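Here the structure is a predicted model, which is why all the values come from computation and not from measurement.
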Amino acid sequence: QVQLVESGGGLVQAGGSLRLSCAASGRTFSSYAMGWFRQAPGKAREFVAAISRSGGYTYYADSVKGRFTISRDNAKNTVYLQMNSLKPEDTAVYYCAARGVDDPNSGSYYWTYDYWGQGTQVTVSS
């Protein structure tokens with residue numbers, strides 16, 4: 001089992017940037033594919049980005065493509081989400097997730113992920 005802890009959220013103005021971090025416990029971090037999801041008040045959970053075990057494959061939601069970058073450092077047991085050109089509609093609680101499969105065709109589906117962090121709040125003001 002892996003435990004995930006997100007950090008780096010906060011309040012920023014539109015057009016600003018934030019970098020979220022997700023620290024994982026254990027020695028098997030490299031065996032998990034990772035993803036970021038977000039959920040705004042009153043809205044459904046939304047896929048943001050995914051990355052393969054080695055970091056060689058990434059996939060993004062159309063709404064964030066070109067603005068957000070997912071990366072990982074397996075030596076540090078950490079996955080990152082660099083968020084640039086933030087918009088008010090990016091406001092949400094952001095969750096880090098891990099799964100034991102590495103199928104790029106299912107990385108956007110929340111039910112394929114086994115472990116979830118507690119979430120970190122991102123608020124973008126206009």
Side-chain angles (χ1 to χ4, degrees):
Q1 182 170 327
V2 61
Q3 294 185 343
L4 307 172
V5 180
E6 301 98 331
S7 62
L11 173 64
V12 298
Q13 291 185 302
S17 298
L18 282 174
R19 189 179 74 161
L20 306 184
S21 298
C22 175
S25 64
R27 294 174 56 85
T28 60
F29 177 70
S30 62
S31 68
Y32 293 93
M34 304 294 296
W36 286 96
F37 292 78
R38 65 187 183 186
Q39 188 166 23
K43 300 185 67 176
R45 181 169 25 186
E46 178 186 20
F47 169 75
V48 176
I51 189 167
S52 61
R53 291 190 295 257
S54 66
Y57 169 83
T58 58
Y59 180 73
Y60 299 91
D62 288 341
S63 59
V64 306
K65 191 174 298 182
R67 299 188 298 121
F68 291 11
T69 302
I70 187 172
S71 62
R72 67 190 298 162
D73 187 339
N74 287 346
K76 296 182 178 180
N77 281 12
T78 303
V79 64
Y80 305 96
L81 185 68
Q82 178 67 48
M83 305 184 295
N84 299 326
S85 301
L86 283 163
K87 305 174 181 179
E89 50 263 45
D90 294 318
T91 296
V93 176
Y94 283 70
Y95 297 93
C96 176
R99 63 178 188 163
V101 298
D102 206 9
D103 174 19
N105 295 315
S106 62
S108 64
Y109 303 132
Y110 72 87
W111 57 85
T112 68
Y113 291 84
D114 303 305
Y115 306 103
W116 295 82
Q118 84 289 349
T120 185
Q121 176 70 49
V122 172
T123 302
V124 184
S125 62
S126 59

| query | Out of curiosity, Asp103 CG to Ser52 OG, how far, rounded to the nearest 0.5 Å? | reply | 11.5 Å
| said: How close do Val79 and Cys96 get, counting heavy atoms only, and between which atoms? | reply: CG1-SG, 3.6 Å
| query | Closest heavy-atom contact between Pro88 and Ala14? | reply | CD-CB, 4.1 Å
| At their closest point, which heavy atom of Phe29 faces which heavy atom of Met34, and how far apart are they? | CE1-SD, 3.8 Å
| note | Nearest heavy-atom approach of Arg38 to Ala92 is CB-CB, 3.8 Å
| Between Phe37 and Trp116, does the ring centroid distance fall short of 6.0 Å? | yes
| task | State whether Asp90 and Lys87 are salt-bridged, where the test is any N-O pair (Lys NZ or Arg NE/NH1/NH2 against Asp/Glu carboxylate O) under 4.0 Å. | result | no
| note | Smallest heavy-atom separation, Ser21 atom then Thr78 atom, equals CB-CG2, 4.3 Å
| task | With Phe47 as reference, evaluate Trp36, Tyr109, Tyr59 under the ring pair (Phe, Tyr, Trp, His ring centres under 6.0 Å) test and give the passing residue. | result | Tyr59
| request: For Thr91 and Val124, indicate whether the former's side chain and the latter's backbone hold a donor-acceptor pair under 3.5 Å. | output: yes
| request: Evaluate the criterion side chain to side chain contact (heavy atoms under 4.5 Å, CB included) for residue pair Glu89 and Ser63; output intermediate values, then yes/no. | output: CA-CA 10 Å; Glu89 50 263 45; Ser63 59; over 6 Å; no
| field | From Tyr113 atom OH to Leu4 atom CG, the distance as rounded to the nearest 0.5 Å | value | 11.5 Å
| note | CD (Glu6) and OH (Tyr94) are apart, to the nearest 0.5 Å, by 12.5 Å
| What closest approach, in Å, do Asp114 and Gly100 show between heavy atoms, and which atom pair accounts for it? | OD2-N, 3.2 Å
| query | Do Val48 and Ile70 share a hydrophobic cluster, counting only Ile, Leu, Val, Met, Phe, Trp and Tyr and linking them when any side-chain heavy atoms are less than 4.5 Å apart? | reply | yes
| task | Take Met83 and Leu20 through the side chain to side chain contact (heavy atoms under 4.5 Å, CB included) test and state the conclusion after the steps. | result | CA-CA 8 Å; Met83 305 184 295; Leu20 306 184; 3.7 Å; yes
| query | How long is the gap from CD on Gln39 to CD on Glu46, to the nearest 0.5 Å? | reply | 10.0 Å
| When rounded to the nearest 0.5 angstrom, what is the spacing between CD in Gln121 and CG in Leu11? | 9.5 Å
| Between Leu86 and Phe68, is a side chain to side chain contact (heavy atoms under 4.5 Å, CB included) present by the stated rule, with each step listed? | CA-CA 9 Å; Leu86 283 163; Phe68 291 11; 3.9 Å; yes
| field | Verdict with supporting geometry, Ser30 and Arg53, side chain to side chain contact (heavy atoms under 4.5 Å, CB included) | value | CA-CA 6 Å; Ser30 62; Arg53 291 190 295 257; 5.9 Å; no
| request: Name the orientation class of the two ring planes belonging to Tyr115 and Tyr32 (parallel below 30°, tilted from 30 to 60°, perpendicular beyond 60°). | output: perpendicular
| field | CG on Asp102 to OG on Ser54, rounded to 0.5 Å | value | 7.0 Å
| task | Check the pair Arg67, Ser85 against side chain to side chain donor-acceptor pair (under 3.5 Å), reporting the backbone distance first and the verdict last. | result | CA-CA 6 Å; Arg67 299 188 298 121; Ser85 301; over 6 Å; no
